[in-house]
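A quick write-up on the structure given underneath.
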Amino acid sequence: MDMERYFRYGDGDFSCSYTYTQPHDLQNFSMHTHENHELYYFLSGRGVYRIESSEYPMRPGDILIMRRAESHYFDIDKTVPYKRFTLNFSESLFDGIDSKGLLMRPFYERELGKGNLYRKSDFPDDTASRLMARMLSPEADIRTEVLACLPALLGEIARVWRERRQSEPEEAPLSYRIVSFVNDHLTDELSLDAIAARFYISKPQLCRVFKAATGSTVWEYVTIKRLIRAREIIGAGTSPTEAAGACGFNDYSAFYRAYRRQFGHSPRER
């Protein structure tokens, strides 16, 4: 293994990790989401990153962005070492320097699972790579380096995003349309029969397409997304009982158990 300095860091504004994993230590990754946004930098390894219904074969130097609650996981080849940098942050980190929210537009102003990947060739020069290198080998402390580099890096990403918006959108594949439909109807009375009928496919085909696209079953996906939404509105002042009903849970005891499993505490705890 090389002699680079790997690290983990976290505080109230953001958390990050620069990690190297040997093949014998690699675990299977499962579909998950975050409460904050994520910037992911792939340095070495082999695999396909799956975000919502999209697949991104990874190359060294690739950058991925995921907004909060956007489901993702890495379908990794466990025969080769894996090196990556991940950074999770809230947009409040930019209070006072980005009042118009321009840096966050590539995260919000796109459909789920679309436009997540930025390759080295997408950038006009090596500015993005140099900013990433500074965060990986900080000359000052990690917090100072991230606060200095992240806004500039997101500015580079936003520039590429603006250029992409000039292109015509591609026709959405079946898996993307299904996942989008589920996200648009999370609080409705969803059923496999209704979803399958909506897209003129069988239930087994629906389950296969959804599992291949997201790495989870339809109900695992729906439950996690509903729980995340419930946690958000509870944090905004809604009672747990009201939040459960508003987010599609008809049985509060089932909601309570699922919430504890997902977050490690009850809906009334923070």
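A quick note: this is a predicted structure, and the numbers were derived from the prediction, not measured.
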*asked:* As a quick check of understanding, evaluate side-chain contact (heavy atoms from CB on, under 4.5 Å) for Thr241 and Tyr252, giving each step before the final call.
replied: CA-CA 7 Å; Thr241 304; Tyr252 183 79; 4.1 Å; yes
*So which heavy atom on Glu269 is nearest to which on His265, and how close?*
OE1-CB, 3.0 Å
_Using the rule that Ile, Leu, Val, Met, Phe, Trp and Tyr join whenever any side-chain heavy atoms are under 4.5 Å apart, tell me whether Val222 and Ile233 fall into a single cluster._
no
*Is there a side-chain contact between Arg177 and Ser180 (heavy atoms, below 4.5 Å)?*
no
_Steps toward side-chain hydrogen bond (donor to acceptor under 3.5 Å, both in side chains) verdict (Tyr108, His37)_ = CA-CA 10 Å; Tyr108 284 118; His37 310 293; 3.2 Å; yes
*Does Val48 share a hydrophobic cluster with Tyr73, counting links as ILVMFWY side-chain heavy atoms below 4.5 Å and allowing steps through other members?*
no
*Identify the two heavy atoms, one from Pro23 and one from Val80, that lie closest to each other, and give their separation to 0.1 Å.*
CG-C, 3.6 Å
*Do Leu131 and Phe7 belong together in a cluster built from hydrophobic side chains that touch within less than 4.5 Å?*
yes
*Would you name the heavy atoms of Ser30 and His32 that are closest together and state the gap between them?*
O-ND1, 2.9 Å
*Check the pair Arg231, Glu35 against salt bridge (Lys or Arg N to Asp or Glu O under 4.0 Å), reporting the backbone distance first and the verdict last.*
CA-CA 10 Å; Arg231 191 180 196 186; Glu35 292 185 67; 2.4 Å; yes
_Ring centroid separation Tyr49 to Tyr40 under 6.0 Å_ = yes
_Euclidean distance, Glu70 CD relative to Ile65 CD1, rounded to 0.5 Å_ = 8.0 Å
*Are Tyr200 and Leu192 grouped together when hydrophobic residues (ILVMFWY) are joined by side-chain heavy atoms under 4.5 angstrom apart?*
no
*According to the salt bridge (charged side-chain N to carboxylate O under 4.0 Å, His left out) rule, which pairs have a member within residues 197-222, sequence neighbours left out?*
Asp193-Lys203
*Quick one: sort the Phe74 and Tyr82 rings into parallel, tilted or perpendicular, breaks at 30° and 60°.*
tilted
*Candidate pair Glu52 and Lys225, rule salt bridge (Lys or Arg N to Asp or Glu O under 4.0 Å), full reasoning*: CA-CA 11 Å; Glu52 297 291 343; Lys225 287 298 187 86; 2.9 Å; yes
_Shared hydrophobic cluster for Leu150 and Ile97 (ILVMFWY, side-chain gaps under 4.5 Å)_ = yes
_Within the 4.5 Å heavy-atom criterion, are Ile201 and Ile195 side-chain neighbours or not?_
no
*Minimum side-chain heavy-atom gap Arg67-Glu38 below 4.5 Å*: no
*Under 4.5 Å between any side-chain heavy atoms of Tyr118 and Leu64, yes or no?*
no
*Run the numbers on Leu43 and Met58 for side-chain contact (heavy atoms from CB on, under 4.5 Å), then give the verdict.*
CA-CA 9 Å; Leu43 289 107; Met58 299 304 292; over 6 Å; no
*Within-4.5 Å side-chain heavy-atom neighbours: Tyr20 and Pro81*: yes
_How close do Leu103 and Leu154 get, counting heavy atoms only, and between which atoms?_
CD2-C, 4.0 Å
_For Tyr18 and Phe85, take the angle between the two ring planes, folded into 0 to 90°, and tell me which bin it lands in: parallel under 30, tilted 30 to 60, perpendicular over 60._
perpendicular
_Distance-only donor-acceptor check, side chains Glu189 and Asn250, under 3.5 Å_ = yes
*Using only heavy-atom distances, determine whether the side chains of Asn183 and Tyr221 contain a donor-acceptor pair under 3.5 Å.*
yes
*Would you mind reporting whether Phe210 and Ser175 have side-chain heavy atoms less than 4.5 Å apart?*
no
*Within 6.0 angstrom of Arg8 CZ, more than 12 heavy atoms from elsewhere*: no
*Hey, mind stepping through Tyr256 and Tyr259 against ring pair (Phe, Tyr, Trp, His ring centres under 6.0 Å) and telling me if it holds?*
CA-CA 5 Å; Tyr256 181 91; Tyr259 194 100; 8.2 Å; no
*Say you draw a straight line from OG of Ser216 to CD1 of Ile224; how long is it, rounded to the nearest 0.5 Å?*
6.5 Å
_CA sep, side-chain torsions, deciding dist, call: Thr19, Thr86, side-chain contact (heavy atoms from CB on, under 4.5 Å)_ = CA-CA 9 Å; Thr19 313; Thr86 59; 5.9 Å; no
*Nearest 0.5 Å, what's the CG-CZ distance between Leu174 and Phe199?*
7.0 Å
Which pairs would a plain distance check flag for residues 138-146, meaning a side-chain donor or acceptor within less than 3.5 Å of a matching protein atom at least two apart in sequence or in another chain?
unit_1: Asp141; atom_1: OD1; unit_2: Thr144; atom_2: OG1; d: 2.7
unit_1: Asp141; atom_1: OD2; unit_2: Arg143; atom_2: N; d: 3.2
unit_1: Asp141; atom_1: OD2; unit_2: Thr144; atom_2: N; d: 3.1
unit_1: Asp141; atom_1: OD2; unit_2: Thr144; atom_2: OG1; d: 3.3
unit_1: Arg143; atom_1: NH1; unit_2: Asp11; atom_2: OD2; d: 2.5
unit_1: Arg143; atom_1: NH1; unit_2: Asp13; atom_2: OD2; d: 3.1
unit_1: Arg143; atom_1: NH2; unit_2: Asp13; atom_2: OD2; d: 2.8
unit_1: Glu145; atom_1: OE1; unit_2: Glu139; atom_2: N; d: 3.0
unit_1: Glu145; atom_1: OE1; unit_2: Ala140; atom_2: N; d: 3.2
unit_1: Glu145; atom_1: OE2; unit_2: Arg134; atom_2: NE; d: 3.2
unit_1: Glu145; atom_1: OE2; unit_2: Arg134; atom_2: NH2; d: 2.8

*Can you list every pair that meets salt bridge (charged side-chain N to carboxylate O under 4.0 Å, His left out) and has a residue in residues 84-107, with sequence neighbours left out?*
Arg105-Glu109
*Asp188 side chain vs Leu190 backbone, donor-acceptor pair below 3.5 Å*: no
*asked:* Under the criterion salt bridge (Lys or Arg N to Asp or Glu O under 4.0 Å), I'd like the reasoning laid out for Asp62 against Lys120: C-alpha separation, chi angles, the key distance, then a yes or no.
replied: CA-CA 6 Å; Asp62 284 350; Lys120 289 177 69 173; over 6 Å; no
*How many angstroms lie between atom CD of Glu163 and atom CZ of Phe123, to the nearest 0.5 angstrom?*
10.0 Å
*Which heavy atom in Val179 sits nearest to a heavy atom in Ser53, and how many Å separate them?*
CG2-CB, 3.6 Å
*Look at the aromatic rings of Phe89 and Phe107 and report parallel, tilted or perpendicular, splitting at 30° and 60°.*
perpendicular
_I'd like to know whether Phe249 forms a side-chain contact (heavy atoms from CB on, under 4.5 Å) with Arg226, so could you lay out the CA-CA distance, the side-chain angles of the two residues, the decisive distance to 0.1 Å, and finally the verdict._
CA-CA 8 Å; Phe249 292 94; Arg226 285 176 171 176; 3.4 Å; yes
*How long is the span from the CG atom in Asp75 to the CZ atom in Arg46, to the nearest 0.5 Å?*
12.5 Å
*asked:* If you count heavy atoms of other groups shown closer than 6.0 angstrom to CZ of Arg260, is the number above 12?
replied: yes
_Rounded distance [0.5 Å steps], CZ in Phe29 versus CZ in Arg50_ = 14.0 Å
*asked:* Donor-acceptor check, side chain of Arg159 to backbone of Gly155, threshold 3.5 angstrom: yes or no?
replied: no
*Answer yes if the side chains of Tyr176 and Glu111 hold a donor-acceptor pair under 3.5 Å, and no otherwise.*
yes
*Taking the side chain as every heavy atom from C-beta outward, state whether Asn116 and Met66 have any pair of such atoms under 4.5 Å apart.*
yes
*Search all heavy atoms of Arg119 against all heavy atoms of Pro57 and return the closest pair with its distance.*
NH2-O, 3.1 Å
*Side-chain heavy atoms of Ile63 within contact of Leu117, under 4.5 Å*: no
